[in-house]
Amino acid sequence: MAVSMRDLDPAFQGAGQKAGLEIWRIENFNPVPVPKSSYGKFFTGDSYVILKTTASKSGALRHDIHYWLGKDTSQDEAGAAAIKTVELDAALGGRAVQYREVQGHETEKFLSYFKPCIIPQEGGVASGFKHPEAEKHKTRLFVCRGKHVVHVKEVPFARASLNHDDIFVLDTESKIFQFNGSNSSIQERAKALEVVQYIKDTYHEGKCEVAAVEDGKLMADPETGEFWGFFGGFAPLPRKTASDDDKPTDSRPPKLLCFEKGQAEPVETDSLKRELLDTNKCYILDCGFEVFVWMGRNTSLDERKIASGVADELVSGTDQLKPQIIRVIEGFETVMFRSKFDSWPQITDVTVSEDGRGKVAALLKRQGVNVKGLLKADPVREEPQPHIDCTGHLQVWRVNGQEKILLQASDQSKFYSGDCFIFQYTYPGEDKEDCLIGTWIGKNSVEEERASANSLASKMVESMKFLASQARIYEGNEPIQFHSILQSFIVFKGGLSEGYKTYIAQKEIPDDTYNENGVALFRIQGSGPDNMQAIQVEPVASSLNSSYCYILHNGPAVFTWSGNSTSAENQELVERMLDLIKPNLQSKPQREGSESEQFWDFLGGKSEYPSQKILREPESDPHLFSCHFSKGNLKVTEVYNFSQDDLMTEDIFILDCHSEIFVWVGQQVDSKSRMQALTIGEKFLEHDFLLEKLSHVAPVYVVMEGSEPPFFTRFFKWDSAKSSMLGNSFQRKLTIVKSGGAPVLDKPKRRTPVSYGGRSSSVPDKSSQRSSRSMSVSPDRVRVRGRSPAFNALAANFENPNARNLSTPPPVIRKLYPKSVTPDSAILAPKSAAIAALSSSFEQPPSARETMIPKSIKVSPVMPKSNPEKNDKENSVSTRVESLTIQEDVKEDEIEDEEGLVIHPYERLKITSTDPVPNIDVTKRETYLSSAEFKEKFAMSKDAFYKLPKWKQNKLKMAVQLF
């Protein structure tokens, strides 16, 4: 489409360059910018142009243009608004979707920009603006409709306007009443309360009473009597009369019309197909309530204006319900438009050019306008973050038929492609422990064990009264949370379960299950020591990739191979994974291009291999859907510009993030629907409602209200107090409205979680991070506890500069967000937690996971015991615990040492103590010991240290370097 300077209205120059809303009112057929302070205020006698600019995660800007027509606007002004919308689209490069909005019949997308509602005022630019706030308050009656957005319409202040099906808001001078029709839903009542709050804040400066009146409630209730008093007393309500708002929509089959020489001619066809649309023409698709205008990429601006005008004339002459007109450009069709066709290719032949947008940008730049937003932005690639505390307690089971077998800690990170696994991860939440239960489905696992894994996991969630979140994860599609929980993750070929063994025997398939004495090749990947994976691949040269490092072994012979595109960090991960796959064996490093003959012999000879890195799919903009699942059929409704307030406790919602989806289940949902939550998520992936090529094996999470994990709440501006309230949606909202807009807590306000072993479980602001990490005990203390003199003495004993051998991993500093570089994220975790874990682990050989990364100590409350000296043989400190509690008060009877620090006996500081010391910083437990007792329990000489087994030495050396 050619663009010239005359096509650009001066009012639109610089529009759409940043995310947000921009509004123009049509005055004398020209667009005039509306001040931001007046956004959301519409007058019935005017027409408006509204531009919504959205910045996607990829960096690109997306535009939606709406033109709103008041019920009293003139036909000329409405036509001017339609034409100016086409011009604005041209100024933005011809990619925007355009919507016609008629007062009282607005689209949900449009209304979502102005939540909770819009209440058009009488008047307009021609008659001058009215200022209702300056006049005496007028009693008004509004009807409210809608579950997700609210259509508000003023109706005559009379009893005849009321009915049993709708919700009404009566705005009087001193009180606002909400009348709930007996046939209205709880969700509609809750949404209407947002309108009440809006009226209270807008027209009463937040100072008036609010009352809820139930249809059919007896007059004995004082508020009910007061309400009916405004209508002259109670009387039975009349039967609801049909209005334009209630007329059924026209559901006739879509009809396609083509513009030829300014006329719309029907296109004769038995089936709607994409091939019918010519890029050089404009078309109208009449679907009754919705009328689409499709404009080819090669059509001129004048042709598009004519087509838009004809579409407006088409709908203005009908007596049906006010149709919505949606104009789309070739290559940028909406999902709704594409769904009207019997066949629509996933990828069209249209080549989208930057030429049009570039020309517009050049024109505006010559006028001195900043055109940064008009040019296509480079995709922004961010390192994914786990958004979960990774210091919790992990258990893993392998599914074997209808049973699950608990794995030892040393095997928790070793998965097999032919098996299914169940994991349960308990981690510190904000005021309680949170839990994630999930299934991992191997690519080659059998169907029976897949079903068994999901069933067993669902029963585990049910046994916890649905307080745990649930995940379904397929091999090769693991989310960052899963990798961060396991930290080191190995996938072997083959399987160990009976189901897999039986299957390959029946199919006479060779058993390729991993054999540590055979030939095996592993691709090493990950972002760091707290997120690293080893994936067994076919032991052939074509499995190599220049962007990765590999481990190749044939019995005792071990090679490491580094591609030319790898970094030192990638090569460091290889050393770490060697300790898990082939410990205590020296490897032979191989660099791409200088491999030995033996290396190629193990792989069966040289061959070509790729060099491109396998990139994780970038995170997409999330979409929220309300779900209704009945008799195997799933119906969804998108909720635009969503917030936490849109999550109704009676409903099930799906948060679609493309690479993963969340099924949110409200507390008031019945138990049958709860049990079907995972099935609902799978059905959603199957239907792919947004036609975005959703993978059927994308991770699915089931999230219960009140137990939302941080990797779900990050998509909202989350208030934990709201999800902790009791009652249905209406009762909760009514409590908030009556309390002045703040939720009333049903339990103590959640505190900001402190760090566990160096990781924090959320992302507080920097000031709160500093506060939670620097104040370890009561703020009344003069001194803050740090490392005791005894601890320093122990650390000095082990500070030996001996170089580690090749198979010994370097020290690991655990943090919640691996790539965070904020100053607070560099603060090390409390040292004592890891040294206590090290001391306790000397009782038995460690698992590979524990060898790699020391664990934080967390304490479970236990019953007090009078004699603390009966458990001398329980001197080891547990490395697996249930919860952490930090108290910030100091008891008056505490004893202080010579340095003025409070000290306690060792027996009372153990987490297994029956008489634990209260009100201490449990992450720095050893600092409450006297120097003499600390040395007695933990210190050792250098000679004793070097007599320890190698694995114990390695753990202690890691501790000293870590601290």
Side-chain angles (χ1 to χ4, degrees), residues 18-20 52-64 95-97 109 112 328 331-339 344 346-348 352 373 376-388 471-474 476-484 527 613-627 634 636-644 646-647 653-664 680-703 708-718 817 819:
K18 60 181 180 180
K52 173 66 173 179
T53 303
T54 306
S56 65
K57 290 186 179 294
S58 65
L61 295 178
R62 186 177 68 251
H63 300 101
D64 291 288
R95 300 184 178 191
V97 180
K109 190 168 195 174
S112 71
V328 296
F332 301 93
E333 296 88 353
T334 64
V335 173
M336 188 61 68
F337 177 81
R338 285 181 283 160
S339 67
W344 190 278
Q346 291 286 359
I347 301 176
T348 65
V352 179
K376 186 176 181 180
D378 293 331
V380 178
R381 275 203 177 273
E382 298 179 354
E383 186 69 29
Q385 305 295 343
H387 297 282
I388 189 173
R472 188 219 62 181
I473 298 169
Y474 279 92
N477 289 270
E478 297 89 354
I480 184 65
Q481 296 90 269
F482 179 80
H483 284 151
S484 298
S527 60
K613 190 171 185 178
I614 304 171
L615 296 176
R616 176 183 288 269
E617 189 174 5
E619 196 173 73
S620 300
D621 298 309
H623 297 264
L624 185 68
F625 295 86
S626 173
C627 303
L634 178 63
V636 300
T637 302
E638 184 167 3
V639 181
Y640 299 100
N641 295 295
F642 61 84
S643 68
Q644 182 184 357
D646 292 310
L647 300 176
F653 290 82
I654 287 181
L655 184 67
D656 175 13
C657 305
H658 187 71
S659 59
E660 58 188 4
I661 69 167
F662 298 84
V663 183
W664 183 90
I680 291 174
E682 292 173 338
K683 285 283 186 182
F684 183 87
L685 292 176
E686 178 184 332
H687 286 289
D688 191 12
F689 291 97
L690 290 181
L691 305 179
E692 54 181 342
K693 301 181 185 177
L694 280 177
S695 170
H696 288 193
V697 294
V700 177
Y701 295 95
V702 177
V703 175
E708 294 89 348
F711 51 88
F712 171 81
T713 59
R714 70 189 182 93
F715 294 103
F716 301 81
K717 186 177 180 181
W718 196 259
Y817 302 115
K819 295 298 181 182

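Values below: all heavy atoms of this structure, side chains included; hydrogens, waters and symmetry mates excluded. The first residue of the sequence shown is numbered 1, and numbering continues consecutively from there.
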Item to check | Asp656 side chain to Ile661 backbone, donor-acceptor under 3.5 Å | outcome: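 Side chain of Asp656 to backbone of Ile661, a donor-acceptor pair under 3.5 Å: no, none is there.
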Next on the checklist: Main chain of Gly476, side chain of Glu478: is a donor-acceptor contact present, judged purely on distance under 3.5 Å?
Outcome noted: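 Answer holds: yes.
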For [X] and [Y], which heavy atoms make the closest approach, and how far apart are they?
X      : Y      : result
Asp646 : Phe653 : O-CZ, 3.1 Å
Cys657 : Phe662 : SG-CE1, 4.0 Å
Ile480 : Pro386 : CG2-CA, 3.9 Å
His658 : Ala698 : O-CB, 4.4 Å
Lys18  : Leu61  : N-CD1, 4.5 Å
Tyr701 : Gln481 : OH-NE2, 3.0 Å

Next on the checklist: Using the side-chain contact (heavy atoms from CB on, under 4.5 Å) definition, which of the options Glu708, Gln644, His387 pairs with Thr713?
Outcome noted: Glu708
Could you give the distance from [atom1] ([X]) to [atom2] ([Y]), rounded to the nearest 0.5 Å?
X      : Y      : atom1 : atom2 : answer
Tyr640 : Leu624 : OH    : CG    : 11.5 Å
Asp64  : Lys109 : CG    : NZ    : 3.5 Å
Phe711 : Gln385 : CZ    : CD    : 14.5 Å
His623 : Glu692 : NE2   : CD    : 6.0 Å
Ile680 : Leu685 : CD1   : CG    : 12.5 Å
Leu690 : Met336 : CG    : CE    : 10.0 Å

Item to check | Parallel, tilted or perpendicular: ring planes of Phe712 versus Phe716, cut at 30 and 60 degrees | outcome: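 Judged by the thresholds at 30° and 60°, the geometry between Phe712 and Phe716 is tilted.
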Below 4.5 Å, heavy atoms only, C-beta onward: do [X] and [Y] meet side chain to side chain?
X      : Y      : result
Asn641 : Lys52  : yes
Trp664 : Leu655 : no
Pro479 : Ile473 : yes
Pro710 : Trp718 : no

Next on the checklist: Please determine whether side chain to side chain contact (heavy atoms under 4.5 Å, CB included) holds for the pair Phe689 and Val335, giving the CA-CA distance in whole Å, both sets of side-chain angles, and the decisive distance to 0.1 Å.
Outcome noted: CA-CA 8 Å; Phe689 291 97; Val335 173; over 6 Å; no
Checklist entry - What do the steps show when you test Thr53 against Arg62 for side chain to side chain contact (heavy atoms under 4.5 Å, CB included), and what is the final call? => result CA-CA 6 Å; Thr53 303; Arg62 186 177 68 251; over 6 Å; no
